[in-house]
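Structure, as structure tokens:
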Amino acid sequence: MSDQVVSPVRFRADVLAVPAYRQGAAPTKPGFKLSSNENPSEPLPGVLEAIAGRSDINRYAAVAMPELRETIGAEFGVPGTHVHLAAGSVAILFQLVHAAAGSGDAYLHAWPSFEAYPSLGLASGAEAVRVPLTAASEHDLDAMADAITDRTRVVLLCSPNNPTGPTIRRADFDRFMARVPADTLVVLDEAYREFVTDPEAVRGEDVLRDHANLVVLRTFSKAYGLAGLRIGYGVGDPAIFAAAASVAIPLSVTGIAESAARASLTLEARAVHAERVAEIAARRDALAAELRELGIAVPAAQANFVWIPETGAAPGGVVDALALAADFAEAGTLVRPFGGVGVRISVGEPESVPVVVDIVRAHLVRTREN
Ligand SMILES: Cc1ncc(COP(=O)(O)O)c(C=O)c1O
């Protein structure tokens, strides 16, 4: 809540102290919306038909959704009972932190990372402990392991990291897990896993079976383009999800979202999905390369966005995140500034790439002149 709002009723002081999650801005003029890491493509083949086919929206959806959970579980080599669905993977993050960490407890996450992380423990009273990224904008897993105490109930790992882009390497993940107490929950948030092209990156499917305290999170919001329908999932031990379900808001996953997710996993849809993901990854690499040519130290980009760090611009061209984002907005393109830290630019339509490069180039020229 903002400071200016005077509430007629009493709220918890700790709640009022935390800023609400800020969604990417809505466009106000024609241009590209590159502020929320969305998928620029139309829905996968079969998805719109599946949604239109749901004539039972006067009913609550059957919450178990066994077919969808079995299909997802098969990808990870586990039964559907090891799959937990929610209205977006962010809902599962909330559930897990609430279920595991209460007043006096702590959970760890890297920073900068997904903007929802710092407030996840707010309602449960758990303390969010931030561990700064390395100079390469990667998770500092040694520092994170060092930061684990008796109070730590959950560790959140984001790979690829939103907003900076690098993944956690498999070897580093293995070393880290060896240092985490077996009764501390580790959440590997892989919201952008489908876009990863680095073969050394950790992959939930490969590590899940080695760790009973590990949950892997994925979502249909990004690579599958269903952000507006709100459906994501976790894979892990059913006992962990039983606890998560105890604090979940009931009946949140809609039948329409379930149908869209199932339609996204047919053989035909998967083939188109694979092509589109490869196109986005190639476009991302091209965009990152062009920005690096301008002298910007874009870190390894492994998701569907690139990161311009404030301190990473060429000498004489230091980027001010808010000023750069303002130049984008002026040109009708929305990006996500993190004041004092950097700017995240989602990989959008093919035509958006030269537009982005031109705006950044013009910004560098202008700021060098001043
Ligand atoms: C790292 C990360 N995790 C989770 C989410 C939540 O995605 P959703 O709730 O749409 O599944 C996001 C969304 O931006 C994200 O960036």
Side-chain angles (χ1 to χ4, degrees), residues 1 10-21 82 84 86-133 139-159 161-162 168 172-173 175-191 202 204 207-208 210-219 232-250 252:
M1 262 174 101
R10 284 176 290 174
F11 282 111
R12 287 168 45 178
D14 51 347
V15 169
L16 296 179
V18 175
Y21 177 78
H82 290 238
H84 180 68
S89 55
V90 71
I92 307 178
L93 285 164
F94 270 94
Q95 293 164 15
L96 291 173
V97 170
H98 283 202
S103 177
D105 300 329
Y107 65 101
L108 287 185
H109 62 83
W111 197 253
S113 194
F114 180 32
E115 281 173 293
Y117 290 164
S119 57
L120 289 176
L122 173 67
S124 72
E127 183 194 353
V129 176
R130 300 175 178 197
V131 180
L133 299 175
H139 279 57
D140 189 340
L141 290 179
D142 289 334
M144 290 186 84
D146 290 343
I148 295 175
T149 69
D150 290 352
R151 296 196 304 127
T152 310
R153 294 286 178 275
V154 187
V155 182
L156 306 175
L157 302 177
C158 190
S159 178
N161 188 51
N162 174 14
I168 293 172
D172 297 337
F173 176 84
R175 259 189 305 132
F176 174 74
M177 289 303 285
R179 291 190 59 193
V180 179
D183 60 357
T184 301
L185 175 63
V186 177
V187 179
L188 179 60
D189 182 348
E190 295 192 312
V202 67
V207 292
L208 190 68
D210 298 338
H211 307 283
N213 59 336
L214 177 67
V215 163
V216 176
L217 292 188
R218 298 269 173 89
T219 181
Y233 59 92
V235 190
D237 190 310
I240 295 177
F241 295 132
S246 297
V247 291
I249 295 174
S252 298

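Bear in mind the structure is a predicted one, so any value in this text is a computation, not a measurement.
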Note to self: Under the rule for salt bridge (charged side-chain N to carboxylate O under 4.0 Å, His left out), what residues qualify as partners of Asp146, not counting sequence neighbours?
What the structure shows: Arg179

Margin query: With a 4.5 Å cut-off on side-chain heavy atoms, are Tyr107 and Val187 touching?
Written below: no

Margin query: When you compare the side chain of Leu141 with that of Leu157, does any pair of heavy atoms fall below 4.5 Å?
Written below: yes

Next item on the list: Kindly indicate whether the side chain of Leu214, heavy atoms from C-beta on, has any atom under 4.5 Å from the side chain of Phe173.
Entry: yes

Notebook entry, point to check: Would a 4.5 Å heavy-atom cut-off, applied to side chains only, mark His82 and Leu208 as touching?
Noted result: no

Notebook entry, point to check: Do Asp189 and Leu156 come close enough that some side-chain heavy atom pair is under 4.5 Å?
Noted result: no

Next item on the list: Provide the full list of salt bridge (Lys or Arg N to Asp or Glu O under 4.0 Å) pairs with a residue in residues 97-106, sequence neighbours left out, each pair given once.
Entry: Asp105-Arg153

Notebook entry, point to check: Is there a side-chain contact between Ser159 and His139 (heavy atoms, below 4.5 Å)?
Noted result: no

Compile the donor-acceptor pairs under 3.5 Å between side chains in residues 89-104 and protein atoms, sequence neighbours left out, one pair per line.
{"residue": "Gln95", "atom": "OE1", "partner": "His84", "partner atom": "NE2", "Å": "2.7"}
{"residue": "His98", "atom": "NE2", "partner": "Leu120", "partner atom": "O", "Å": "2.9"}

Can you give the donor-acceptor pairs under 3.5 Å from side chains of residues 237-244 to other protein atoms, not counting sequence neighbours?
{"residue": "Asp237", "atom": "OD1", "partner": "Ala239", "partner atom": "N", "Å": "2.8"}

Check: Under 4.5 Å between any side-chain heavy atoms of Met177 and Asn213, yes or no?
Finding: yes

Margin query: Less than 4.5 Å apart, side chain to side chain, heavy atoms only: is that true for His211 and Val186?
Written below: no

Next item on the list: Ignoring hydrogens and angles, tell me if any N or O in the side chain of Arg12 forms a donor-acceptor pair with the backbone of Leu122 under 3.5 Å.
Entry: yes

Checklist line | side chain to side chain donor-acceptor pair (under 3.5 Å) against Thr219, all qualifying residues, sequence neighbours excluded | finding: Ser221

Checklist line | For Ser113, all residues meeting side chain to side chain donor-acceptor pair (under 3.5 Å), sequence neighbours excluded | finding: Asn161

